[in-house]
Amino acid sequence: MYLPRHFEEQRPEALHDLIAKHPLGMLVTHGSEGLDANHVPFELDADAGLGAHGVLRAHVARNNPLWQSVANGDEVLVVFRAHDAYISPNWYPSKHEAHKQVPTWNYRVVHAHGPITVRDDERYVRGLVARLTRQHEAGQPSPWKTGDAPQDYIDAMLKSIVGIEIAVARLVGKFKLSQNREARDRVSAAQALIGQGDSELGEAMRAAGPPA
């Protein structure tokens, strides 16, 4: 990934926060069938693994060839994306003075690199599903739980999925938030985004530092 210094994000807490808030990752593998990409919701355990990078856990359908095309220890990449948006040069005050601005696209992404381990283990998958369910049902008025369904049905569903685990060896963050623009241009573009309803990216731009 092309990564100019002023767009590089290295703070572990910022990288982990993006993953936690946008857990649908694009898992890129290079297995026996060649390059492949699967879109999978991940659980991040930021306190596990070596260093400050954490461990990613997920499950895939047993019918998905992914888990058989990779070997334990194979290096994989998971891409996590937050909101992105087009940035109009009309939003920059400096454009109306010098007329020397062009459009761009702002975004925040995190690339997680590390070895994959297949966990074809019913106990592992059961615990993972329970944790993912609690996490994503937490905001519902009446959260669904696995106990709401018949036990034999849940048992059959668990047999149809396989766990995967990635020990994150490296996290690379690119937060492209107009840090290379004048502060007034960045803040003005942020306000324009917030005004059209993209508050997450707009607030991230407002919070970004001055030009490097």
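Atom set for the values below is all heavy atoms of this structure, side chains included, hydrogens, waters and symmetry mates excluded. Count residues from 1 along the sequence.
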Query raised in the report: Quick one: does Trp91's side chain get under 4.5 Å of Gln191's, heavy atoms only?
Result: no
Query raised in the report: So does Glu122 pair up with Arg126, basic N to acidic O under 4.0 Å?
Result: yes
Query raised in the report: How many angstroms lie between atom CD1 of Ile87 and atom CG of Asp185, to the nearest 0.5 angstrom?
Result: 11.5 Å
Query raised in the report: Out of Glu9, Glu203, Glu200, Glu8, which one pairs with Arg108 under the salt bridge (Lys or Arg N to Asp or Glu O under 4.0 Å) rule?
Result: Glu200
Query raised in the report: Near Arg184 CZ, under 6.0 Å, is it more than 12 heavy atoms from other residues, nucleotides or ligands?
Result: yes
Query raised in the report: Is a side-chain donor-acceptor pair under 3.5 Å present for Tyr2 with Lys174?
Result: no
**Report entry** From CA spacing to verdict: salt bridge (charged side-chain N to carboxylate O under 4.0 Å, His left out), Lys21, Asp17
**Finding:** CA-CA 6 Å; Lys21 291 178 177 176; Asp17 183 67; 3.3 Å; yes
Report task. Assess whether atom CG of Asp148 is packed by more than 12 heavy atoms of other residues, nucleotides or ligands within 6.0 Å. Result -> yes
Query raised in the report: Which residue, Val109, Leu15, Leu18, forms the side-chain contact (heavy atoms from CB on, under 4.5 Å) with Phe80?
Result: Leu18
Query raised in the report: Given side chains that start at C-beta, do those of Ile164 and His59 come closer than 4.5 Å, heavy atoms only?
Result: no
Query raised in the report: Counting only heavy atoms not in Tyr86, do more than 12 sit closer than 6.0 Å to its OH atom?
Result: yes
Report summary line: Rounded to the nearest 0.5 Å, the CG atom of Asp84 sits from the CH2 atom of Trp105 at a distance of 6.0 Å
Query raised in the report: Does CD belonging to Glu75 count more than 12 external heavy atoms closer than 6.0 Å?
Result: yes
**Report entry** Test side-chain contact (heavy atoms from CB on, under 4.5 Å) applied to Ile116 and Asp74, Leu56, Val78, the passing residue
**Finding:** Asp74
**Report entry** Straight-line distance of Gln140 CD to Lys145 NZ, nearest 0.5 Å
**Finding:** 13.5 Å
Query - Distance, nearest 0.5 Å, that separates CG of Asp120 from OG1 of Thr117 - result: 13.0 Å
Query raised in the report: Is the number of heavy atoms from other residues, nucleotides or ligands under 6.0 Å of Arg131 CZ greater than 12?
Result: yes
Query raised in the report: Going from CG on Asp45 to CG on Leu128, what distance comes out if it is rounded to the nearest 0.5 angstrom?
Result: 11.0 Å
Query raised in the report: Would you call Ile166 and Val55 a side-chain contact if the rule is heavy atoms closer than 4.5 Å?
Result: no
Query raised in the report: Strictly by modelled atom types, are Asn106 and Ser178 linked by a side-chain donor-acceptor pair under 3.5 Å?
Result: yes
**Report entry** Partner of Met205 by side-chain contact (heavy atoms from CB on, under 4.5 Å), out of Asp198, Leu193, Ile194
**Finding:** Leu193
Query raised in the report: When you check the side-chain N and O atoms of Glu182 and Tyr92, is any donor under 3.5 Å from an acceptor?
Result: no
Query raised in the report: Can you check whether His16 and His53 have ring centres sitting under 6.0 Å from each other?
Result: no
